Amino acid sequence: MNAPPSARACERANDMIEKQKLKPISGFPEWLPEVRMVEQAWIDRIRGVFESYGFAPIETRSVEPVEVLLKQGDTDKEIYALRRLMEEEASASEADYALHYDLTVPMARYVAANLNDLTFPFKRYQIQRAWRGERPQEGRFREFTQCDIDVVDTRDIPLHFDAEMPAIVYEVMQALDVGPTVTRINNRKVLEGFYRALGVEQPHEVIRIVDKQDKIGPDGVSKMLTDELSLDGATIGKVLDLARVTGTKADVVERVRALGITGDLLEQGLDELHFVMKALESYPEGAFVADLSVARGLAYYTGTVYEVKFADDPSFPTICGGGRYENLVGSMLNKHLPGIGISIGLTRIFSKLVREGRIAPTRKTPTQVMVCYLPDASYEAVNGVARTLRARGIKTELFHEPRKLKQQLAYASNKGIPHVWFPAVGAEGKHEVKTLATGAQADADPESWLPEG
RNA sequence: GUGGCUGUAGCUCAGUUGGUUAGAGCGCCUGGUUGUGGUCCAGGAGGUCGUCGGUUCGAACCCGAUCAGCCACCCCA
């Protein structure tokens, strides 16, 4: 490690540049080991719930053809294009591939591509990162992990799944202990049927604006409907009447019917909404709310839509979202392949709890016991103890060099390793284990000892 | 992409009306003898004050530009 002076100077100069590179990049979160361990435990629990309902795992490539990502209309999506740095200028101008910005579109492509090998209804879960080039903010990232479950079928999807999706997510939220959440449920058919019956010609625009009621209030919605869509006062009144309807029970649909608007699509949507709310009535009051102002921005939703928020922090962005889509997968082929799904914003939820200090502090390593490398012991002896413990399924690390015990203990203590093992030395030496939290130390046998933590 | 606020050590921040060698706490490293961590004590490393330019005898401080971060909009997990 004796670099010549010139190299040293060069390193120093590089350090200046490196400092900038060492800074975190906004929107690309990274955790310390003790935090990542919790996040991994979360992922394990989410997987557990997904699999308990019979959903199978897939992983899709991180990259899709640009046309696939842009297919569903939302062309203004901020997507990251893939390009080789060494590429020739000419061919570099237009990218063929881009990082996926969600998991639903890649899933649709995957289903379309593997149609012959999948059994329908196809039920899959997918826990992967996604990328969006938007401006980062609280709760919004440029690289983040989503946990998706979807069902795709070659026939019409039974309403059973419309009710099961939010139930699964509710169970996940309970398992993760993130605090009270509210799942708001609506049905696009109700909105579209209602607006069409009113004579509105661009129901999707109305849906987009009504979705903002949460943030800008009824007056703000009213103003936008006037300014942007030039709707008349009577129509706006009805639109706002519908957006005001909420309820925790299936009978909420009667309150919509009471508004006196009728239509086939509207009725179909109300029947669906009734079924879903009825199926969820056995859950704690307030966990699921029918809210006729919820729309979800995404264009491809056609029926039931969901949106989960923290009950005690309504201004925080949506933590789970999803719904039913009639044509997303089919649009890749020429078939009718409806789907329904919901996505958990793992990074969004997790980072909030981290920031609020609500992630239980844990140790910095999974190690359960650290074997001391006693200065006068042989490497074979101490390593042998470690191997014995490890073979019994105990997470064991051997201290890496025969340093002073003071330093070995400090290392174990700083990393939060619960136990330290002092191997037997000499003919009549005894193995001892110390529990750092209490300071207690006792004789132990590597063949039978069991850790507490 | 549009608008507003902020940029001093690894982190959280002080820094007087512009004035010598820019500080604190935490963290980090070493030591306080022989085989036992946290506490305590002593010592140490670490900063061209985001970057570039301007005003000035003199700039961390004033001005401009630029970059980055945060917040709001857009959109969304």
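Each chain gets a letter, A, B and so on, in the order its sequence line appears, and its residues count up from 1. Just so we're clear, the structure is a prediction, and the values are computed from it rather than from any experiment.
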Would you list the atom pairs, donor with acceptor, under 3.5 Å between side chains in residues 285-296 of chain A and any protein atom, with sequence neighbours excluded?
residue, atom, partner, partner atom, Å
A:E285, OE1, A:K249, NZ, 2.9
A:E285, OE2, A:T248, OG1, 2.8
A:D291, OD1, A:S293, N, 2.8
A:D291, OD1, A:S293, OG, 2.7
A:D291, OD2, A:R184, NE, 3.1
A:D291, OD2, A:R184, NH2, 3.0
A:R296, NE, A:E307, OE1, 3.1
A:R296, NH2, A:E307, OE1, 3.0
A:R296, NH2, A:T318, OG1, 3.4

Q.
Counting Watson-Crick and G-U wobble pairs with both distances under 3.5 Å, what is the dot-bracket string for RNA chain B, 5' to 3', using [ ] for crossing pairs and | for pairs to another strand?
A. (((((((..((((.....[...)))).(((((.......))))).....(((((..]....))))))))))))....
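- Nucleotides B:G47 and B:U8, compared at atom C1', are 8 Å apart to the nearest Å.
- B:G27 and B:G19 are spaced 32 Å apart, taking the P atom of each and rounding to whole Å.
- Here A:R109 pairs with A:E64 in a salt bridge; the nearest charged N to carboxylate O distance falls below 4.0 Å.
- Remark: the separation of the P atoms in B:U6 and B:A14 is 13 Å, to the nearest Å.
- Distances shown here put a side-chain N or O of A:R403 below 4.0 Å from the OP1 or OP2 atom of B:U30.
- At a threshold of 4.0 Å, the pair A:E272-A:R324 does not count as salt-bridged, since none of the basic side-chain nitrogens sits closer than that to a carboxylate oxygen.
- Between B:U36 and A:Q441, no contact under 4.0 Å exists linking OP1 or OP2 to a side-chain N or O.
- A:R140 contributes a side-chain N or O that forms a donor-acceptor pair with the base of B:C75 under 3.5 Å.
- Nucleotides B:C67 and B:U51 place their C1' atoms 7 Å apart, quoted to the nearest Å.
- Here the separation of B:C49 from B:C62, taken at their C1' atoms, is 15 Å to the nearest Å.
- When each of B:G35, B:C71, B:A77 is scored by its nearest atom to the side-chain atoms of A:D376, the top-ranked nucleotide is B:G35.
- For B:G64 and B:A24, the C1' atoms lie 33 Å apart once the distance is rounded to whole Å.
- The side chain of A:R296 places an N or O atom within less than 4.0 Å of a non-bridging phosphate oxygen (OP1 or OP2) of B:A77.
- Classification of the A:Y325-A:Y301 ring pair by plane angle, with boundaries at 30° and 60°, yields tilted.
- The side chain of A:Q407 contributes an N or O atom lying less than 4.0 Å from OP1 or OP2 of B:G31.
- B:G18 and B:G58 are spaced 8 Å apart, taking the C1' atom of each and rounding to whole Å.
- Side chain A:K406 to base B:U36: no donor-acceptor pair is found below 3.5 Å.
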Scan the side chains in residues 169-178 of chain A for donor-acceptor partners under 3.5 Å anywhere in the protein, sequence neighbours excluded, and list what turns up.
residue, atom, partner, partner atom, Å
A:E171, OE1, A:Y53, OH, 2.6

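- Of the possible donor and acceptor atoms, none in the side chain of A:T435 sits under 3.5 Å from a partner among the backbone N and O of A:A437.
- Within 4.0 Å of A:K415, counting heavy atoms only, lies no atom of the nucleic acid at all.
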